[in-house]
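Everything numeric in this text was worked out from a predicted model, so none of it was measured. One is the number of the first residue; the rest follow in order along the sequence. As the structure lists them, so they are numbered: ligands from 1, and atoms in each ligand from 1.
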Amino acid sequence: MDTQVVIIGGGPSGLLLSQLLNRAGVATVILERGTRDHVLSRIRAGILEWGSVEMLREAGVGARMDAEGIPHDGTLITDADMVVHIDFKALTGRRVMVYGQTEVTRDLYAAQDAMGTTIVHGVGDVRILDLDGPQAAVEYTVDGKPHRLTCAYVAGCDGFHGVSRKTIPEARRQEFERVYPFGWLGILSRTPPVADELIYANSPHGFALASMRSESLVRYYVQVPLTDTVDDWPDDRFWAEFRRRIPSEAAARLVTGPSIEKSIAPLRSFVSEPLRWGRLFLVGDAAHIVPPTGAKGLNLAVSDVFYLHGALIDALRGNTAGIDAYSARALARIWKAMRFSWQMTTMLHRFEGEDSFAAQMRRATLAHLAASEAAQRDLAENYVGLPY
Ligand code: APR
Ligand code: PHB
C-alpha cells in the first residue's frame, strides 16, 4: 500500500483528521483540489464549542487559539428592543471560544508542514475505487498527469461539492434537505465590536448577527433575499440595514467603517446517510450542511473527526468495531445539531411571504426564552455543544 489513509479535501475536516492520525503514527496523504491560498482565503464562522477547543489542543494546534481566541461566557438574543442574555457559564458550566475557522485552518497547515505530511494541491479528476476489496485506490491527476494511490481507508473530507459522497451509489444513499429562502450577507470590518458578546437579532426587517474576530475586527451579517448580490449592498446600505435590525441601545454604540470582505452565503440543512461505504468514510460538509445560525458547521466536522480518528486507528490495529459504529455514532450527534440549527434559524429569520402568525411565534418564543431558565438552559446546552 502507498499510504494508510488517503484524505480527499484539505479543509478543516481533512487537515484535523490527518493531524490526529499522524500523531498516532498513521500515514496519510491529503489530496486538495485548490491552492493553499484559496483554502485560506475563505472566511467562515468563528465560534468553537469547548469540545472543539479541546480537540484542537489534543491535536497540538491549540497554542495560537489559546493566545488569540476570546472565550465567551454567553450571548445575546434579541427581538427589536427585547434583549435576552444567555449565560452559558452559569447555565451549563461551559463556554465557547471566538476564533475564526480560517485561523484554525492556517494553524493546521502549519502543524502538518512541521510534521512533514504529504498534502497534494491542485488535484483533479479524483476517483475513489475498490472500496469493497482488500485495499482501496484513489486515482487523480495533477497538471493533467495521472496518479494512483492504494490505501487501507479513504476519508471523504471534500465538502458539499466534493466527489466522495457521490461515490456512494445513489440508490444506497438517503439525502435529507431543507433549503431556506434567504442568504446571509456577511462583512468583515476593522472596527471594534458593538457588544462584548455576539448578538443574534430578530427584527421586523429580518435577522442580523453581530459577531467578531478580535477587539478590532468584526464579522457582521444581515439576512438578504437569495436573489441579492454583493453589488446590491454597498457598505452604506449594509450599515443602515444592520443598524435598524439590532436593538437601539446597541445601534447607538455602533462604529462603522469600510468593509474588507463581503460575501453572500445561502442557508441550507442537508444530511446524507450513511457516512460509510466499505472503505470510504464521509466527514464534515461532505456529509452534512447546517445553516450558520447555530455556529455548528465546523464543530460538527470536529466531532465527526473525533469519532473517526479513533476508529481508524483501532481498525488499522485489527479492531473494526469503531469503524462499524462510526456512521451511527456520528449521525446521532449530527441530527441533534441539525435540529438546533433549524430551530435557531426558524426562531430568528423572517420568511418572505409568511403569514402574520409567524412573526408572533418568533416573538413569543423569545418572550418564553426571556422568562424561562429551562428554555435558556436548553439553548445554552446546545450552543456550547452536546457531549461527544
Ligand atoms: N478533490 C479534492 N479536494 C476537493 C474536491 C475534490 N473533488 N472537492 C472539494 N475539495 C476540497 C475543497 O477545495 C475544500 O478545500 O475539499 C475541501 C473541503 O473543505 P470544506 O468545504 O471547508 O469542508 P470541511 O473540511 O468538511 O469543513 C467543514 O467548513 O464549510 C465549512 O461550515 C463548514 O465550518 C464547516 C467546515
Ligand atoms: C461568525 O463569527 O462568522 C459566526 C458566528 C456565529 C454564527 C455564525 C457565524 O452563528
When you pair each N or O of ligand 1 with protein N or O atoms, which pairs come out under 3.5 Å?
from     : atom 1 : to     : atom 2 : distance (Å)
ligand 1 : 3 (N)  : Arg33  : N      : 3.1
ligand 1 : 13 (O) : Glu32  : OE2    : 2.6
ligand 1 : 15 (O) : Glu32  : OE1    : 2.7
ligand 1 : 15 (O) : Glu32  : OE2    : 3.2
ligand 1 : 15 (O) : Arg42  : NH2    : 2.9
ligand 1 : 22 (O) : Arg44  : NH1    : 2.6
ligand 1 : 25 (O) : Pro12  : N      : 3.3
ligand 1 : 25 (O) : Ser13  : N      : 2.9
ligand 1 : 25 (O) : Ser13  : OG     : 3.3
ligand 1 : 26 (O) : Ser13  : OG     : 2.7
ligand 1 : 26 (O) : Asp285 : N      : 3.0
ligand 1 : 29 (O) : Arg44  : NH1    : 3.3
ligand 1 : 29 (O) : Gln101 : NE2    : 3.0
ligand 1 : 30 (O) : Arg44  : NH1    : 3.1
ligand 1 : 30 (O) : Asp285 : OD2    : 2.4
ligand 1 : 34 (O) : Gln101 : OE1    : 2.5
ligand 1 : 34 (O) : Leu298 : N      : 2.9

So, Arg333 versus Ser303: side-chain donor-acceptor pair below 3.5 Å or not?
yes
Under the criterion salt bridge (charged side-chain N to carboxylate O under 4.0 Å, His left out), I'd like the reasoning laid out for Arg213 against Glu103: C-alpha separation, chi angles, the key distance, then a yes or no.
CA-CA 10 Å; Arg213 291 289 177 273; Glu103 304 312 316; over 6 Å; no
Under 4.5 Å side-chain heavy-atom separation, chaining through any Ile, Leu, Val, Met, Phe, Trp or Tyr, what else clusters with Ile246? Say none if it is isolated.
Leu76, Val83, Leu185, Ile187, Val194, Ile199, Val218, Tyr220, Val222, Val224, Val230, Trp233, Phe238, Trp239, Phe242, Leu254, Ile264
Under 4.0 Å to a heavy atom of Ala295 - the qualifying atoms of ligand 2, by number:
6 (C), 7 (C), 10 (O)
Within-cut-off N or O pair, Leu209 and ligand 2, under 3.5 Å
no
Atoms of ligand 2 close to Trp184 [distance to a heavy atom under 4.0 angstrom, numbered from 1]:
8 (C)
Between the side chains of Asn22 and Ser18, does any donor sit under 3.5 Å from an acceptor?
yes
Looking at Pro292, which atoms of ligand 2 are within less than 4.0 Å of one of its heavy atoms?
7 (C), 8 (C), 10 (O)
Quick one: look at Val98 and ligand 2, take heavy-atom pairs under 4.0 Å, and tell me if it's side chain, backbone, both or neither.
neither
Report yes if Tyr383 has an N/O atom closer than 3.5 Å to an N/O atom of ligand 2; otherwise report no.
no
Should the heavy atoms of other residues, nucleotides or ligands under 6.0 Å from CD of Gln135 be counted, would the total exceed 12?
yes
Reference residue Glu261; test salt bridge (Lys or Arg N to Asp or Glu O under 4.0 Å); the match among Arg219, Arg44, Arg42:
Arg219
Protein contact to atom 5 (C) of ligand 2 [nearest heavy atom, distance to 0.1 Å]:
Ser211 OG, 3.5 Å
Which bit of Thr293 is near ligand 2, meaning a heavy atom under 4.0 Å away: side chain, backbone, both or neither?
backbone
Nearest-neighbour protein heavy atom for atom 3 (O) of ligand 2, which is reported as residue plus atom name and distance
Tyr221 OH, 2.5 Å
